[in-house]
Amino acid sequence: MISPPGTAGALAALYGLEPVPLYSAGATVYDDIAQIDRAEIGDVLRLAQRVGGPVLELACGSGRVTLPLLARGHRVVALDNSAALLRLLSDRLPDVSGARLVEADMTSFELDEAYGLVVLAATSVCLLDSRQRAAAFERVRAHLAADGLFYVSVLDLADRLRAARPVERTSVLVGPRGVTSLFQHFDGRRGVRTTSVLHESVVDGVTTDRAVYISEINMVGSDELVRELGAAGFEVLERRSGPAGEQVQVQLVCGRRR
């Protein structure tokens, strides 16, 4: 397990905490963070309505996008390699739903149908390195219907965050499970962004437990991703950006290259 850089590492050392993976041991804490994020959902719903047919969602997590799709009546295959996150999603499914949950790696899965829409949201493509992204795109193309769409999002970072000297950004969330401090550490030299989460459980005003969770992802820009998608046989049909800032989410809607 990698060690948290920056402030998160100093706090982990101060409290004598060993970091654990965010998407497995820290699944409930990650879920608290993810569920307040409403970005992309409306765009994905509009695409699903447009194409019809089943939806394949990669890196579905605990259902931030999956559940709204199901609520609109879409049939969804939700795939993730975290059993802990899939259990959280399973617990939220209605008694009758059009969902199929699949525990698998998005770089090597094999399913038995073609999909009108494949979704890779929440900039989860950055969890993969360039070789893994190529493998994932090959799997998407193999499972995409002839006229289907592939939706993928990525972050474009300001130059200061991509510089060789590390930059850190911190935010704090107060929720029903306690206080969650989120540290994002940008290391341009290594080309990675490390997310460290210090979660403190609070009961009746007293901190009862602390834990540090960690995840490391790659700093991939939208131009780089467009080139990789082209090499994988995709054509970018739509490209939309969020509000300007240090981290700008870029949404790409792709189809098979004709």
Side chain to side chain contact (heavy atoms under 4.5 Å, CB included) between Leu149 and Leu237, worked out: CA-CA 9 Å; Leu149 297 176; Leu237 306 174; 3.7 Å; yes
Audit row: Phe150, Val119, side chain to side chain contact (heavy atoms under 4.5 Å, CB included) steps and yes/no: CA-CA 6 Å; Phe150 175 31; Val119 176; over 6 Å; no
Thr123 vs Gln249, side chain to side chain donor-acceptor pair (under 3.5 Å): CA-CA, chis, key distance, verdict: CA-CA 8 Å; Thr123 69; Gln249 186 188 66; 5.9 Å; no
Arg169 vs Val167, side chain to side chain contact (heavy atoms under 4.5 Å, CB included): CA-CA, chis, key distance, verdict: CA-CA 7 Å; Arg169 295 290 181 265; Val167 177; 3.1 Å; yes
Worked verdict on Glu168 versus Thr7 for side chain to side chain donor-acceptor pair (under 3.5 Å): CA-CA 8 Å; Glu168 184 173 274; Thr7 305; 2.5 Å; yes
ring-ring contact (aromatic ring centres under 6.0 Å, His included) between Tyr213 and Tyr30, worked out: CA-CA 9 Å; Tyr213 307 98; Tyr30 171 76; over 10 Å; no
Verdict with supporting geometry, Ser130 and Glu228, side chain to side chain contact (heavy atoms under 4.5 Å, CB included): CA-CA 8 Å; Ser130 59; Glu228 293 179 354; 4.0 Å; yes
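Around CG of Asp91, the count of heavy atoms belonging to other residues, nucleotides or ligands within 6.0 Å exceeds 12. With a 6.0 Å radius and a threshold of 12 heavy atoms from other residues, nucleotides or ligands, Glu113 has its CD atom above the threshold. Enclosure of atom CD in Gln49 is not indicated, since only 12 or fewer non-hydrogen atoms of other residues, nucleotides or ligands lie within 6.0 angstrom. Applying the 6.0 Å contact sphere to CZ of Arg240 captures more than 12 heavy atoms from other residues, nucleotides or ligands.
A 4.5 Å side-chain heavy-atom check between Val102 and Val77 finds at least one atom pair inside the cut-off. Put simply, the side chain of Ile214 does not reach to within 4.5 Å of the side chain of Thr195, judged on heavy atoms. Side-chain atoms of Leu93 and Leu101, non-hydrogen and from C-beta on, do get closer than 4.5 Å to each other. Counting only heavy atoms from C-beta outward, the side chains of Pro5 and Asp187 never approach each other to under 4.5 Å. In this structure the side chain of Phe183 reaches within 4.5 angstrom of the side chain of Leu11, judged on heavy atoms. Side-chain atoms of Glu238 and Leu252, non-hydrogen and from C-beta on, never get closer than 4.5 Å to each other. Here the side chains of Val220 and Arg133 are in contact, with some heavy-atom distance below 4.5 Å. Residues Leu225 and Val152 have side chains in contact (heavy-atom distance under 4.5 Å, counting atoms from C-beta outward).
The one candidate from Ile36, Ile33, Asp37 that meets the side-chain contact (heavy atoms from CB on, under 4.5 Å) condition with Arg64 is Asp37. Screening Leu47, Leu117, Val44 for a side-chain contact (heavy atoms from CB on, under 4.5 Å) involving Val55 leaves a single residue, Leu117. Partner Glu246 forms a salt bridge (charged side-chain N to carboxylate O under 4.0 Å, His left out) with one of Arg160, Arg162, Arg193 and no other, that one being Arg160.
By the 4.0 Å N-to-carboxylate-O rule, Asp112 lies close enough to Arg100 to be salt-bridged with it.
Atom CE of Met106 and atom CG of Leu56 lie 11.0 Å apart (nearest 0.5 Å). Between the NE2 atom of His74 and the CG atom of Leu45 there is a distance of 6.0 Å, given to the nearest 0.5 Å. Taken to the nearest 0.5 Å, the CG atom of Leu155 stands 10.0 Å off from the CG atom of Leu161. Here CD of Glu216 is found 13.0 Å from CG of Leu22. Values are rounded to the nearest 0.5 Å. One distance of note links CG of Leu144 with SG of Cys254; it measures 9.5 Å at 0.5 Å rounding. With rounding to the nearest 0.5 angstrom, the CG atom of Leu111 is 4.5 Å from the NE2 atom of His143.
The hydrophobic clustering, which links ILVMFWY residues whose side-chain heavy atoms are closer than 4.5 Å, places Tyr151 and Val226 apart. Hydrophobic cluster membership is shared by Leu229 and Val118, with clusters built from Ile, Leu, Val, Met, Phe, Trp and Tyr side chains linked at under 4.5 angstrom. No continuous path of ILVMFWY side-chain contacts below 4.5 Å connects Val250 to Val253, so the two sit in separate hydrophobic clusters. Val20 and Val179 end up in different hydrophobic clusters when Ile, Leu, Val, Met, Phe, Trp and Tyr side chains are linked at under 4.5 Å. Residues Leu157 and Val192 fall into different hydrophobic clusters, defined by Ile, Leu, Val, Met, Phe, Trp and Tyr side chains chained together at heavy-atom separations under 4.5 Å.
Nearest heavy atoms, Arg139 versus Thr107: CG-O, 3.6 Å. The shortest non-hydrogen separation linking Ser181 to Val172 is OG-CG2, 4.0 Å. For Val212 against Ala12, the heavy-atom pair with the smallest separation is CG2-CB, 4.2 Å. The two residues Leu67 and Ser62 have their closest heavy-atom pair at CD1-O, 4.5 Å. Closest non-hydrogen pair, Ala59 versus Leu120, comes out as CB-CD1, 4.0 Å. When all heavy atoms of Pro68 and Gly63 are compared, the pair lying nearest together is CD-O, 3.9 Å.
Between the side chain of Arg257 and the backbone N or O of Glu235 there is no donor-acceptor pair closer than 3.5 Å. A donor-acceptor pair is defined here as one N or O able to donate and one able to accept, closer than 3.5 Å; such a pair exists between the side chain of Asn218 and the backbone of Leu128. Of the possible donor and acceptor atoms, none in the side chain of Arg210 sits under 3.5 Å from a partner among the backbone N and O of Leu198.
Donor-acceptor pairing under 3.5 Å is lacking for the side chains of Ser201 and Asp209. A side-chain donor-acceptor contact under 3.5 Å links Ser222 and Arg239. If you check the side chains of Ser153 and Glu40, you find a donor sitting under 3.5 Å from an acceptor. Side-chain atoms of Thr66 and Glu57 include a donor-acceptor pair closer than 3.5 Å. Looking only at atom types and distance, the side chain of Asp80 has no donor-acceptor partner in the side chain of Ser82 under 3.5 Å away.
Using cut-offs of 30° and 60° on the angle between ring planes, the pair Phe234 and Phe137 is perpendicular.
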